[in-house]
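Whatever order the structure lists them in is the order used to number ligands and atoms, beginning at 1. This one's a predicted model, so the numbers in the text were calculated from it and none came from an experiment.
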Amino acid sequence: MSEIQVSIQLPVLDLSQPVHPSFLSSLSKACQEWGFFYVTNHGISKGMFDKVCSLSKHIFSNPTDTKLKLGPLSCIKTYTPHFIASPYFESLRVAGPDFLASAKASADVLFGQQSSEFSEILHEYGIKMMEISKRIIKIILMCLGDGCESRFFESDFSKCHGYMRIVNYTPPETVIEKEVEGLGMHTDMSCITVVYQDETGGLQMRSKEEGKWMDISPCENSLVVNVGDLMQAWSNGRLRSSEHRVVLKRFINRLSVAFFWCFEDDKVILAPEEVVGDGCSRTYRSFTCLDYLKFRENNEEGKFDRIAYTVKDFAGIKQ
Ligand SMILES: O=C(O)CCC(=O)C(=O)O
Ligand SMILES: [Fe+2]
């Protein structure tokens with residue numbers, strides 16, 4: 001990989017402080033330009049991340065045959081083995097609203113009845129992530145102005161649900177290149193995604209105009225937030241769902257936990273008139289969330305290196 005890589009300074013949303021208008025304007029710019037920012041004082045302790053990571057590592061250290069009991073061909077289907085998203089990527093999914101039941105279903109298969117630690121901590125993590133996501137989306141709606149938060153939070157976002165994907169990246173030991181792609185370029189199918197990445201780094205986003213890769217470096221005690229496709233369409237393109245990827249350094253294992261906060265499956269997504277704004281034209285037709293998820297599923301099979309289609313291809317109106 002030979003692209004130039006640049007670092008950028010993204011705003012940090014401090015959830016323990018009231019939001020100042022000057023901060024809203026920098027957040028608003030970041031959401032338009034990059035679709036990425038950080039959040040801090042989110043209420044999840046370092047101890048909790050450490051626990052989630054160590055229990056997850058323990059799960060991924062199981063033999064492949066054991067993990068495949070949760071794999072795509074099993075009835076649980078929470079585990080994605082290597083060579084689906086990339087050769088170096090494997091993941092475990094824990095879905096809400098009952099995070100406890102979802103995590104327990106996986107843990108029971110792997111460890112039998114004695115392991116409740118994993119499900120309990122993932123339950124707590126999921127509930128916290130739901131709360132954090134709601135607070136973040138309210139602030140993002142404030143960025144759109146015109147009282148969008150009070151107008152649209154209840155009507156459009158109160159039925160949102162979340163799920164997390166714990167990802168274990170194992171880079172190859174034998175490659176000559178200094179870095180390899182652990183997860184190819186894609187956009188997220190969420191409203192927003194809230195990511196914990198360990199200190200290894202490697203998350204990168206693609207700039208709007210020049211298509212340069214920018215490092216989204218790990219920042220202590222902070223989580224990374226990115227705008228997803230559903231929010232890009234709902235906001236009529238005023239919020240950007242950026243292409244991003246994960247690069248891996250040789251020999252360094254990486255763990256991340258991405259929380260995807262999404263509209264309910266049967267939600268009809270159409271930007272409200274007030275969000276489109278007077279004199280502006282609509283850039284997305286209406287569509288249901290599930291139809292978009294299916295469209296992506298049908299276009300992604302067997303493609304590691306990049307996801308060629310996004311919500312623009314699915315529902316964008318050609319201007
Ligand atoms: O592993 C990461 O840091 C991000 C993963 C990601 O982009 C995704 O799962 O959609
Ligand atoms: Fe992503």
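A heavy-atom separation below 4.0 Å is not found between V167 and ligand 1.
Listed by first then second residue, pairs satisfying side chain to side chain donor-acceptor pair (under 3.5 Å) with a partner in residues 153-163 read D156-W234, D156-K267, not counting sequence neighbours.
Annotation for ligand 1: atoms under 4.0 Å from non-hydrogen atoms of S256 are 1 (O), 2 (C), 3 (O). Taking a cut-off of under 4.0 Å to the non-hydrogen atoms of H244, the atoms of ligand 1 that pass are 7 (O). Below 4.0 Å from some heavy atom of Y169 lie the following atoms of ligand 1, by number and element: 1 (O), 2 (C), 5 (C). For ligand 1, the atoms sitting less than 4.0 Å from at least one non-hydrogen atom of F260 are 8 (C), 9 (O), 10 (O), numbered in the order shown with element in parentheses. Under a 4.0 Å criterion applied to the non-hydrogen atoms of V195, ligand 1 contributes the atoms 3 (O). Annotation for ligand 1: atoms under 4.0 Å from non-hydrogen atoms of R165 are 8 (C), 9 (O), 10 (O).
When distances from the Fe ion (ligand 2) to the N, O or S atoms of H186 are compared, NE2 comes out shortest. Residue-level check: among N/O/S atoms of D188, OD1 sits closest to the Fe ion (ligand 2).
Looking at Q197 and R254, their side chains do bring a donor and an acceptor atom within 3.5 Å of each other. Residues H123 and D98 have side chains that never bring a donor and an acceptor to within less than 3.5 angstrom of each other.
Closest protein heavy atom to atom 6 (C) of ligand 1: L183 CD2, 3.6 Å. Atom 3 (O) of ligand 1 has as its closest protein heavy atom R254 NH2, 2.9 Å.
Annotation: cation-pi pair R165/F259 absent, no NZ/CZ under 6.0 Å from the ring centroid and within 45° of its normal.
Using a 4.0 Å cut-off between heavy atoms, V224 makes no contact with ligand 1 at all. Contacts between T193 and ligand 1 below 4.0 angstrom, taking non-hydrogen atoms only, are absent altogether.
No donor-acceptor pair under 3.5 Å is formed between the side chain of S190 and the backbone N or O of F260.
No side-chain heavy atom of V224 sits less than 4.5 Å from a side-chain heavy atom of V194. Between D266 and L290, the closest side-chain pair of non-hydrogen atoms is not below 4.5 Å.
Between F314 and F295, the ring planes are tilted. Angles from 30° to 60° get that label.
Between R151 and E274 a salt bridge is recorded (basic side-chain N to carboxylate O distance below 4.0 Å).
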